[in-house]
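Data first, discussion second: the structure below is written as C-alpha cells.
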Amino acid sequence: MDLMRLDNTRSGPAGAGRKPPSRRRGPEAGAILWPLAGVALLIAAWGGLAAFYPPILVPSPLQVLGELGRLALGGRLWPALTITVARLAFAFALGSALGIALGLAAGRSAVLEALLRPGMGVAAGVPPIAWIALALIWFGTGSPTPIVVALLVTLPVVFASTTAGVHAIDRDLLAMAQVFGLRGVALVRELYLPALAPHLLAGLATAATLTVRIGIMGEFLASDTGVGSAMALARTQLNTAQVVAWVLVALALLWLSEGLLLGPLARRAAAWRTEP
Amino acid sequence: MLALEGVSKAYGSNQVLSGFSLTAGAQEIVCLLGPSGCGKTTLLNLAAGLTSPDAGKIVRPPGRPGYVFQEPRLLPWQTAAQNLALGLRASGLPEGERRSVVAEYLERLGLAEVAGLYPHQLSGGMRQRVALGRAFAVDPAYLLLDEPFKSLDVGLRLDLLRLLLEEWQRRPRPVLFVTHDTAEAALAAQRIVVLGGQPLAVREELALATPPAQRRPDAPEVHQAEARLYALLAERLSTD
C-alpha cells in the first residue's frame with residue numbers, strides 16, 4: 001500500500017528543471033502513471049478471475065461497483081462510514097498522542113523505558129483476535145470494543161518508533177540546545193519533533209494501516225454498527241459483491257488517511273531536505 | 001571573571017582533572033593549547049555547565065555562555081537565520097527585537113544573502129559563521145570556543161578570527177579559546193596557556209602585551225610568541 005512509502009522522493013518538484021533531458025520518464029509522471037498501471041493490472045486480474053468463477057465466489061468488478069452504488073443510494077453507506085471513521089479517528093488520534101508522549105518520555109529516561117517496555121510488548125504481542133475476545137467480554141457490543149482494540153494495536157507501534165527516534169537524536173545537537181537554553185515545549189518543537197519526523201511518520205503510517213485493519217475486524221466480530229459490522233451482515237446473506245464493496249470502502253479509508261493526513265505531513269517534514 | 005577553582009573530573013578510571021584551576025579575567029581572551037584528547041573540551045563543557053565537576057568550584061559571570069563547537073551543530077531543518085536566532089528564541093526575546101538582532105549579525109557576518117538557506121545548502125565556512133553568529137547573538141556573558149575554525153582553510157580562518165576579535169572588541173568579556181594553531185593563539189590571545197599531562201596541568205603560560213585588536217600578523221611579539229609555542233609543543237611531543 002501507498003502508506004508504506006512515506007519517503008520524500010515524491011514530494012515537490014525538486015530539481016525538476018535542472019536535470020538534463022533524458023529518455024527516462026521524470027519522477028512526476030512516473031509517480032502517477034505506474035501506480036495507476038498497477039491498479040489497472042489488479043482490476044484486470046480480478047475481472048479475469050470473475051469470468052471463471054460464479055459471482056457468489058468471485059463477483060466481477062462491475063457487480064461490486066453496482067453494489068457500492070446501491071449502498072450509497074440506499075442510505076446505508078454513509079451512516080456506517082461515519083461511525084467507523086469516528087471510531088478509527090478517535091483510536092488513531094489517542095493511540096498516536098499517547099504513543100508519542102510516552103515514547104518521548106521513555107526515550108529520555110531509561111527507567112521509564114524499562115518500566116513501559118513489557119506492557120507495550122504485551123499490547124503488541126497478544127493476537128488482535130484475543131483482544132477482541134476480551135474486549136467483547138469487558139465492553140460488550142458497541143463502540144468501545146473496536147476502539148480499544150485498535151488503540152491497543154497502534155499504541156505500541158507509535159511508542160516503539162518514537163523511542164527509537166529519540167535514541168537516534170544527535171547528542172551533540174542536544175548539548176548545543178542545552179547550552180543555548182532551549183527547554184520544554186520549545187525543545188520538543190524545534191529539535192525533537194523535526195529530528196523524530198522520519199521515524200515517527202513511518203510509525204504513524206503503520207499505525208494507520210493497523211487501525212483500519214484491526215478496527216474493522218473489531219466491528220466485524222463485535223459491533224452492530226459500522227463498516228465491519230455491515231460486512232459481517234453481507235456475509236451472512238451470502239452477498240459476496242457487497243462484502244467486497246465494503247472492502248473497497250475500507251481501502252478508501254486507508255488511501256484517504258494517506259492522502260489527507262500522512263502524505264501532507266511527510267511532505268511538510270521533509271520540505272527542507274528537498275531544497276536543492 | 002570566569003574561573004575553574006580546584007576542579008576534579010574523572011570519566012570512569014580516567015582522571016582527566018584533579019584540583020585544576022584556570023581563570024579568564026573579565027575582559028580576557030585565554031587561548032588553551034595542548035595535545036589532542038588531553039581534556040580541553042572537558043574544560044569548556046565544565047565552564048558551560050554541560051558537565052558537572054566531581055569536586056571543586058566553577059565561577060561564571062551572570063548570564064548565558066556563547067559556545068562555538070568544533071562542528072557547527074546547526075539544526076538541519078532550520079534556515080541560517082532561524083539557526084542564528086535559536087538562543088534568542090530560547091531566551092524569550094520579543095520577535096521585533098529578535099529580528100533586528102538577527103539582521104544585524106547576518107549583515108556583520110556576511111550571511112545576509114544566505115539567510116533563507118538551509119545548512120546543507122551552505123559551505124563549511126558559512127555554516128561555521130552561522131554558529132559564530134548564534135553564539136554572538138545571545139550577547140553571551142562569556143565565550144567558549146572549541147577549535148571553531150579547525151576544518152577551514154587559512155584565509156577563511158583569518159577572516160573568522162577577525163570577526164571574532166571585532167565582536168569581542170565591541171563587548172569585551174572572558175573568552176576560553178581552545179586551538180591547535182599556534183598562529184591563531186598568538187594573534188588572538190592575551191594569555192596563552194599550554195596544557196598537558198594526565199591529570200591535566202598547566203605546563204606554561206605566555207602573556208602578550210599588545211591588545212589583540214591592534215595586533216598584526218607580522219608584529220615581532222606575535223612571531224616570538226609563535227616561535228615559543230612551537231618550541232614548547234615540539235618539546236612536549238618528544239617528552240610526552
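Quick note: numbers below take in every heavy atom, side chains included, and nothing from hydrogens, waters or symmetry partners. Order of the sequence lines sets the chain letters (A, B, ...), proteins ahead of strands, with each chain counted from 1.
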Original post:
Is it the case that more than 12 heavy atoms not belonging to B:Glu166 sit under 6.0 Å from its CD atom?
Top reply: yes
List, one per line, each side-chain donor-acceptor pair under 3.5 Å for residues 2-13 of chain B, sequence neighbours excluded.
from, atom 1, to, atom 2, distance (Å)
B:Ser8, OG, B:Gly19, N, 3.0
B:Lys9, NZ, B:Ser52, O, 2.9

**OP:** Could you tell me which portion of B:Glu71 (side chain, backbone, both or neither) has an atom closer than 4.5 angstrom to a non-hydrogen atom of chain A?
**Re:** side chain
Original post:
For atom CZ of B:Arg162, is the number of surrounding heavy atoms from other residues, nucleotides or ligands below 6.0 Å larger than 12?
Top reply: yes
Original post:
Is it the case that more than 12 heavy atoms not belonging to B:Arg171 sit under 6.0 Å from its CZ atom?
Top reply: yes
Subject >> B:Ala135, part contacting chain A, at a heavy-atom distance under 4.5 Å >> reply: both
**OP:** Check each atom of B:Pro140 against the heavy atoms of chain A and say whether the ones under 4.5 Å are side chain, backbone, both or neither.
**Re:** neither
Original post:
Looking only at heavy atoms, which two atoms of B:Phe69 and A:Phe180 are closest? And how far apart?
Top reply: CE1-CE1, 4.5 Å
**OP:** Please flag which part of B:Leu88 lies under 4.5 Å from any non-hydrogen atom of chain A: side chain, backbone, both or neither.
**Re:** neither
Original post:
To the nearest 0.5 Å, how far apart are CE in A:Met176 and CG in B:Leu50?
Top reply: 11.0 Å
Subject >> Under 3.5 Å donor-acceptor, B:Trp77 side chain and A:Glu190 backbone >> reply: yes
Subject >> Structural part of B:Arg73 lying under 4.5 Å from a heavy atom of chain A >> reply: both
Original post:
Out of B:Gly49, B:Pro76, B:Gly66, B:Ala48, which one racks up the most heavy-atom pairs below 4.5 Å with chain A?
Top reply: B:Pro76
Original post:
Relative to the ring of A:Trp272, is the ring of B:Tyr118 parallel (under 30°), tilted (30 to 60°) or perpendicular (over 60°)?
Top reply: tilted
**OP:** Could you pull out the closest heavy-atom pair between A:Arg273 and B:His120, with the gap in Å?
**Re:** O-NE2, 4.0 Å
Subject >> Which atoms of A:Ala175 approach chain B - backbone, side chain, both or neither, heavy atom under 4.5 Å >> reply: both
Original post:
Does CZ in B:Arg191 sit with more than 12 non-hydrogen atoms of other residues, nucleotides or ligands closer than 6.0 Å?
Top reply: yes
Subject >> Contact listing (chain B partner; residues 191-200 of chain A; heavy atom under 4.5 Å) >> reply: A:Leu191, A:Pro194, A:Ala195
**OP:** For B:Arg60, look at atom CZ and say whether over 12 heavy atoms of other residues, nucleotides or ligands are found less than 6.0 Å away.
**Re:** yes
Original post:
For A:Arg171, does the CZ atom sit with more than 12 other heavy atoms under 6.0 Å from it, leaving out its own atoms?
Top reply: no
**OP:** Examine whether an atom of B:Arg134 lies under 4.5 Å from a heavy atom of chain A, and if so say whether it belongs to the side chain, the backbone or both; otherwise answer neither.
**Re:** both
